[in-house]
Undergrad: 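Can you read through this structure? Questions will come right after.
In each ligand, atom 1 is the first atom listed, and ligand 1 is the first ligand listed.
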Amino acid sequence: MRKPLVAANWKMHGSREMTRELIMAIRDGVDDSWDTEILICPPYVYLDEASRQLDGSGIALGAQHLNPNPGGAHTGEVSAPMLADLGCTHVIVGHSERRAMYGDDDAVVAANFQAAQAAGLIPVLCVGETLEEREAGTTGVVVAEQVEAVTAAAGIEAFDKAVLAYEPVWAIGTGLTATPEQAQEVHAGLRGLLAKMSDKIASDLRILYGGSVKGANARALFGMPDIDGGLIGGASLEASEFLAICEAAGTPARA
Ligand code: PEP
């Protein structure tokens, strides 16, 4: 059984004070009986503060991006070894905002994925289609190409230590959510694609859903057989909503 994972992507939000308060509220609200792994990905500048606040909590720390070079003359950039040094265990790669706004194409995403693993970090690889692609009926092809760009570069074995996140672009930050059935169809397709390369790796891989997940819709999504948790943007900035999502992922109604 794949243990559910709920990951918070704070995007470019927050302050030092918000980081402290939000993490404190999440720590206070987490119930040990939930079978949920929790990951928090604040902006770079708050990683150190978050790392201190999370110490001893069992909640993991991740970053939202990395530069694939291990170091050197890359002004303004942050490397995977630096993230590991700060206590990160995970890093998001291929988020649709980076693909759309910062030129992270499939080759960059694959390089970031490999650089993360080389530093011992677990990449959370995001894939997803735009509304136009969904309406054109090409969702399956689009997400398969995004995943295959990484398997071609890193090999299927690399997915042994990775997390995949299906995030339809039209559902991110829009309030529109894929129905549980729509999401399940894509998740099952992705797992099937990877199973052709390795049954074992595909069946052990956690595939998260992201796109306007809230306390109110989380349980129905996480009840689907191939949805193993969520990548949460907006709702992760409110402790009570985020905790409701973590509870939905890790309480018996899911089983
Ligand atoms: C995200 O940023 O990855 C995301 C899923 O955002 P939201 O939950 O706000 O749609």
Undergrad: Do me a favour and list the nearest non-hydrogen protein atom to atom 2 (O) of ligand 1 with residue, atom name and distance?
TA: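 Checking every protein heavy atom, the shortest distance to atom 2 (O) of ligand 1 gives K11 CE, 2.6 Å.
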Undergrad: Could you tell me which atoms of ligand 1, counted from 1 in the order shown, lie closer than 4.0 angstrom to a heavy atom of A171?
TA: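 By the 4.0 Å cutoff, the relevant atoms are 10 (O).
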Undergrad: Quick check: does E167 get an N/O under 3.5 Å from an N/O on ligand 1?
TA: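 N/O-N/O distance under 3.5 Å: yes.
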Undergrad: Walk me through it: do E129 and Y166 pass the test side-chain hydrogen bond (donor to acceptor under 3.5 Å, both in side chains)?
TA: CA-CA 9 Å; E129 82 288 5; Y166 167 56; 2.9 Å; yes
Undergrad: Considering S236, A165, G233, which one's heavy-atom position lies nearest to atom 6 (O) of ligand 1?
TA: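 Considering heavy atoms of S236, A165, G233, the nearest to atom 6 (O) of ligand 1 sits in G233.
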Undergrad: Just jot down the ligand 1 atoms closer than 4.0 angstrom to any heavy atom of G173, in number order.
TA: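 Every atom of ligand 1 under 4.0 Å from some heavy atom of G173: 7 (P), 9 (O), 10 (O).
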Undergrad: Can you list the atoms of ligand 1 that are under 4.0 Å from a heavy atom of G211?
TA: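 Per the distance check, 5 (C), 10 (O).
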Undergrad: With a 6.0 Å cut-off (strictly less than), is the heavy-atom count around CE of M101, excluding the residue itself, greater than 12?
TA: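 Correct, the count exceeds 12.
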Undergrad: Compare every heavy atom of I40 with every heavy atom of I23, then report the nearest pair and how far apart it is.
TA: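 In this case the closest contact between I23 and I40 is CG1-CD1, 4.4 Å.
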Undergrad: Are the side chains of N67 and S79 in touch, meaning some heavy atoms are under 4.5 Å apart?
TA: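 Counting from C-beta outward, N67 and S79 never come under 4.5 Å.
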Undergrad: Side chain, backbone, both or neither: which part of N9 has a heavy atom under 4.0 Å from ligand 1?
TA: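 It is the side chain that gets close, since no backbone atom is under 4.0 Å.
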Undergrad: How about E181: does its CD atom have over 12 heavy atoms from other parts shown lying under 6.0 Å from it?
TA: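 Buried by this count: over 12 neighbours within 6.0 Å.
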Undergrad: Any N or O on G210 sitting closer than 3.5 Å to an N or O of ligand 1?
TA: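 No; the residue has no nitrogen or oxygen that sits under 3.5 Å from a nitrogen or oxygen of the ligand.
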Undergrad: Can you label the angle between the H65 ring and the Y44 ring as parallel, tilted or perpendicular, going by 30° and 60°?
TA: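 Correct class here is tilted.
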Undergrad: Find the distance between NE2 (H187) and CG (L164) and round it off to the nearest 0.5 Å.
TA: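 Spacing of NE2 (H187) from CG (L164) equals 8.0 Å.
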Undergrad: In ligand 1, which numbered atoms sit nearer than 4.0 Å to a non-hydrogen atom of L231?
TA: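 Going through ligand 1 atom by atom, the ones under 4.0 Å from L231 are 3 (O), 5 (C).
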Undergrad: How close does the nearest protein non-hydrogen atom get to atom 1 (C) of ligand 1, and which residue and atom is it?
TA: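 The protein heavy atom lying closest is H95 NE2, 3.3 Å.
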Undergrad: List the closest protein heavy-atom neighbour of atom 9 (O) of ligand 1: residue, atom name, distance to the nearest 0.1 Å.
TA: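 Looking only at protein heavy atoms, the one closest to atom 9 (O) of ligand 1 is G234 N, 2.8 Å.
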Undergrad: Mark yes or no for whether S51, through its side chain, and L47, through its backbone, hold a donor-acceptor pair below 3.5 Å.
TA: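 No, the answer is negative, given that no donor and acceptor are paired below the 3.5 Å cut-off.
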Undergrad: Purely on distance, is any nitrogen or oxygen of A235 under 3.5 Å from one on ligand 1?
TA: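 Looking only at distances, the answer is no, because the N/O contact criterion of under 3.5 Å is not met.
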